[in-house]
Amino acid sequence: GAGVSQSPSNKVTEKGKDVELRCDPISGHTALYWYRQSLGQGLEFLIYFQGNSAPDKSGLPSDRFSAERTGGSVSTLTIQRTQQEDSAVYLCASSAEGVPQFFIYNEQFFGPGTRLTVL
Amino acid sequence: AQTVTQSQPEMSVQEAETVTLSCTYDTSESDYYLFWYKQPPSRQMILVIRQEAYKQQNATENRFSVNFQKAAKSFSLKISDSQLGDAAMYFCAYRSSQGGSEKLVFGKGTKLTVNP
């Protein structure tokens, strides 16, 4: 596909269950981001992958959240023991970032998100 | 840490009129990027316009333009000749130009309604 895809589109789960959210970035994009959008809020950064570098996990809200990126492509965001406050839209974005440089900008392209509802 | 503030939770405009959405930000950096994103009900985030902080000239993309006031840390979006398709959530966002800090920092958004 031409754009970033995410699955599932919607996910309803019970409190305490684990969930996995998937992101397929644009082919060739080396950078991948996860953001969370809670109701009435802006997007909140969660985690950033760039090539083979160690991911920037500074936005993960708790140790129940983890993410991996296999083969430099597909990424999975896992939330363990879900809580009601985890209910949100989880958005993934990718960009063709190269070696970070000043004044070099590469647009982040967003997927349609996964709406997670924890009952 | 950088912060982005959008003080208008909701705005409305008549079709064909002009509307301005406000955004202020806080940073200690001198070089950075600012963005406006549009999010329709489909949830797809769409980049509307980008401004590099080192550029004095305000960015323009067709009916969309910005008023970038670096000293005041203000970055407003003007939509001219508003169309029904402009109705959406609009988010202001900041990104450092420092290497290794590519994450976007978003405001809470402004919901724009366009009345026919």
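Residue numbers start from 1 in every chain, and the chains themselves are labelled A, B, ... in the order their sequence lines are given, proteins ahead of strands. Computed from heavy atoms alone, side chains included, the values below leave out hydrogens, waters and symmetry copies.
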*asked:* Please report the interatomic distance CD(Gln37(A)) to CZ(Arg43(B)), rounded to the nearest 0.5 Å.
replied: 9.0 Å
*Per-residue contact mode, Ser58(A) against chain B (heavy atom under 4.5 angstrom)*: side chain
*Side-chain heavy atoms under 4.5 angstrom apart, residues restricted to Ile, Leu, Val, Met, Phe, Trp, Tyr: same cluster for Leu116(A) and Ile47(A)?*
yes
_Side-chain donor/acceptor of Glu107(A) to backbone N/O of Leu47(B), under 3.5 Å_ = no
*More than 12 foreign heavy atoms under 6.0 Å from NZ of Lys70(B): is that the case here?*
yes
*Counting only heavy atoms not in Glu85(A), do more than 12 fall under 6.0 Å of its CD?*
yes
*Mind checking whether Leu34(B) and Tyr90(B) sit in one hydrophobic cluster, side chains of I, L, V, M, F, W, Y counted as touching below 4.5 Å?*
yes
_Contact class of Gln39(B) relative to chain A, heavy atoms under 4.5 angstrom_ = side chain
*asked:* Can you confirm if the aromatic rings of Phe45(A) and Phe106(B) lie within a centre distance of less than 6.0 Å?
replied: no
*Donor-acceptor pair, Tyr35(A) side chain versus Lys103(B) backbone, under 3.5 Å?*
no
*Does a sphere of radius 6.0 Å around NZ in Lys73(B) hold more than 12 heavy atoms from other residues, nucleotides or ligands, not counting ones at 6.0 Å or beyond?*
yes
_Part of Ser9(A) lying under 4.5 Å from any heavy atom of chain B_ = both
*Enter the distance from Tyr48(A):OH to Leu104(B):CG here, rounded to the nearest 0.5 Å.*
11.0 Å
*Counting only heavy atoms not in Leu119(A), do more than 12 sit closer than 6.0 Å to its CG atom?*
yes
